[in-house]
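Scroll down for the structure; my scribbles are underneath it.
Predicted, not measured: the structure shown is a model, and the values here were computed from it. Letters A, B, ... mirror the listed sequences (proteins, then strands); counts begin at 1.
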Amino acid sequence: MKAMREAYGEELVELGKTNNKVVALDADVSGSTRSALFGKAFPDRFFNVGIAEGNMAAMAAGFALADKIPFINTFAFLMAARATDPIRSLIAYNKLNVKVVGAYGGFSDSYDGGSHQAIEDVAIMRSLPNLKVIIPADEYAARAAVRAVAEYFGPIYLRLNRAEVPPVYSTDNCSFVIGKGNVLAEGKTVTIIANGYMVHRAMQAREILLNEGIDAEVIDMHTVKPIDSELVIRSAAKTGAVVTAEEASIIGGLGSAVAEVLAVNKPVPMEFVGVKDVFGESGDYQQLLSKFGLDTPSIVQAAHRVIAKRSSN
Amino acid sequence: MGLTTEKVNELEAITKKMRMNIIETLYKVQTGHPGGSLSAVEIMTTLYFSHMRVDCAAPGCPDRDRFIASKGHCAPVVYTTLACKGYFPEEELGNLRQLGCILQGHPDMKRIPGIDLSTGSLGLGLSAGIGLALSARLDNKDYYTYVLIGDGELQEGQNWEAFMAGAKYKLNNLIAIIDYNGVQLDGTTEDIMPLGDLRKKFEAFDWHVVECDGHDLVALDKVFIAAKQEKGMPTVIIAKTVKGKGVSFMEGKNTWHGKAIGKQEYETAIAELGGSI
């Protein structure tokens, strides 16, 4: 098992070997984001701009204008807070080919506390036109995502996790198509749509539910935007009950995206597992996830609630 | 070698035409920013009709010089420059800011041939210019990147992040021009947020600093030559200008930052610019 950031850094180096248009920028956290690996391999194509996230993002716009493929790197909360103006006004507005990589998503920078934990980044990035938003589930998905976003021409927000996330995929079975959710397990009773680390949690929840005789369908919705509407509608039509699980604020993230699709096309009862409009705090990552309702039992309970709601309708 | 008298006369004629275009356009559409457009007329003329390597027939040529109007609200002067240069018909100016037009309120690279980067939100242009200048170096290309920055815009902190980065990478292919007209939307820069000694600030940031009268075509030509001769660091040109230059009642007035022009004002302005209605 490898930390997602490690996998990201290694894959970026691989990308650099085959594509000399790729450049990487970092804002003095390259040791943390692991963009430093790229810097070591390709010093001429690596630019550490210091603690200046806005400058980094706008510089990347300039690189993209000259047909480079810039990957910009810093913590997710800084990307969404400090760099959002150039991401909005230059990168998204002009559909520039910049890959915006938010490291340390969710609570994964656990000990640094609420000041450093990104819960709002998904909602902010999702609201920007032209910008795709991707949250891979594990190290294999992260590697596949790096390759996929480099191949795609246009702006993308790629949100990563700091931690060693238990794998959902393995090297040879990770299908990753931007905008297409992966059905990891089929089921008939309830749909669980998750992304990031929560995909693994959703699979654990599925096991527990199975023992109770509840057959849950689990979808890895790694692309929050554009959401795979067809898959969401199809699964909701089958199960009639949907739980979303994400390591981000329930305001504006994956749950909202799924609700937007279902409210219009296939209204069914929903439950949202995510951060309930609060900031985080320091602590052990797993303990934090439990405290904020992002653990496996939370998903199981949400499934129970949503099934009950469907039955009472 | 300075400009020949013939060339100066040619450029002067262009500046006159551009000022007329700006007033005509903004009077017609009754929206847009006259003050900061009029202050940058000579700067734009010098760039596009004397110094920049650009070709309206090949607006995407990878070897062309790049221009970023970081002060995107000076769109009217940018548009009239591009129109005079042949990027699109001058009649298009009359559609400024109208639904479905290419000439958006602020420059839009997706719609307008000749715009290298859409701008509007202030304080971002120089950073993007650094990305372009670094790309030119990576690609062994000899194009220059020019960034026009408003003086009020310097209050945005990101400019200073960019000035640091420009010095770090010793970008001698990057030239910033400050349209130093001393007036911003709410008042004078001195009243709103004083800029202090810009020369000293830029020198402290390790940039090559040159100053000139931003309405003097001969002086502007000289500073751009000096900027290109600098081999060790990026250059910033502090061009002292007058907001609303050429129209007496607009000169130095923050109220003309972005105000519609009335009929009487329009007639006076055109007369002052030596035109007829």
Side-chain angles (χ1 to χ4, degrees), chain A residues 16 19-28 42-72 74 78 81-100 128-130 153-155, chain B residues 59-68 70 72 104-112 115-141 143 145-147 149 156-169 171 173-174:
Chain A
N19 191 337
N20 63 12
K21 288 182 180 181
V22 174
V23 299
L25 295 84
D26 205 303
D28 193 43
F42 311 103
D44 294 345
R45 286 190 270 147
F46 179 71
F47 304 91
N48 195 330
V49 305
I51 307 162
E53 296 80 11
N55 188 41
M56 171 176 68
M59 276 174 64
F63 277 111
L65 291 176
D67 202 29
K68 302 293 175 208
I69 307 174
F71 279 69
I72 59 174
T74 188
L78 288 169
R82 291 267 181 176
T84 300
D85 183 5
I87 291 171
R88 171 197 176 275
S89 305
L90 302 182
I91 295 168
Y93 185 63
N94 293 313
K95 300 183 190 172
L96 296 179
N97 194 19
V98 177
K99 314 308 172 186
V100 178
L128 297 176
N130 300 333
F153 187 93
Chain B
C61 174
D63 294 320
R64 73 190 187 281
D65 286 339
R66 308 305 206 270
F67 173 77
I68 296 171
S70 192
Q104 296 292 294
H106 292 78
D108 185 344
M109 63 181 284
K110 304 183 295 299
R111 297 177 187 237
I112 310 168
I115 296 293
D116 289 319
L117 179 65
S118 307
T119 47
S121 180
L122 296 174
L124 305 179
L126 188 59
S127 303
I130 288 168
L132 271 167
L134 283 167
S135 298
R137 186 178 283 173
L138 280 175
D139 294 337
N140 290 316
K141 290 193 178 295
Y143 64 80
T145 298
Y146 297 91
V147 184
I149 304 170
E156 288 282 6
Q158 189 175 317
N159 282 299
W160 303 96
E161 299 178 3
F163 278 113
M164 274 190 277
K168 171 182 173 177
Y169 296 110
L171 294 170
N173 55 356
L174 175 66

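- Put simply, of A:A66, A:A61, A:G54, the one with the most heavy-atom pairs under 4.5 Å next to chain B is A:G54.
- Of the two parts of B:F163, neither the backbone nor the side chain holds a non-hydrogen atom closer than 4.5 Å to a non-hydrogen atom of chain A.
- For B:N159, no part lies under 4.5 angstrom from a heavy atom of chain A.
- If you tally non-hydrogen atom pairs under 4.5 Å between each of B:D108, B:T145, B:T119 and chain A, the highest count goes to B:D108.
- When all heavy atoms are compared, the tightest approach of B:Q158 to B:S127 is NE2-OG, 2.9 Å.
- Ranked by non-hydrogen atom pairs under 4.5 Å with chain B, the options A:M59, A:M56, A:R88, A:K95 are led by A:M59.
- A pairwise comparison of heavy atoms in A:N94 and A:S89 identifies ND2-O, 4.0 Å as the closest pair.
- With hydrogens and angles disregarded, no donor-acceptor distance shorter than 3.5 Å links the side chain of A:E53 to the backbone of A:L78.
- Under a cut-off of 6.0 angstrom, the local environment of CZ in A:R45 is crowded, with over 12 non-hydrogen atoms contributed by other residues, nucleotides or ligands.
- Interface residue A:L96: only side-chain heavy atoms are found under 4.5 Å from chain B.
- Looking only at atom types and distance, the side chain of A:N97 has a donor-acceptor partner in the side chain of A:K99 under 3.5 Å away.
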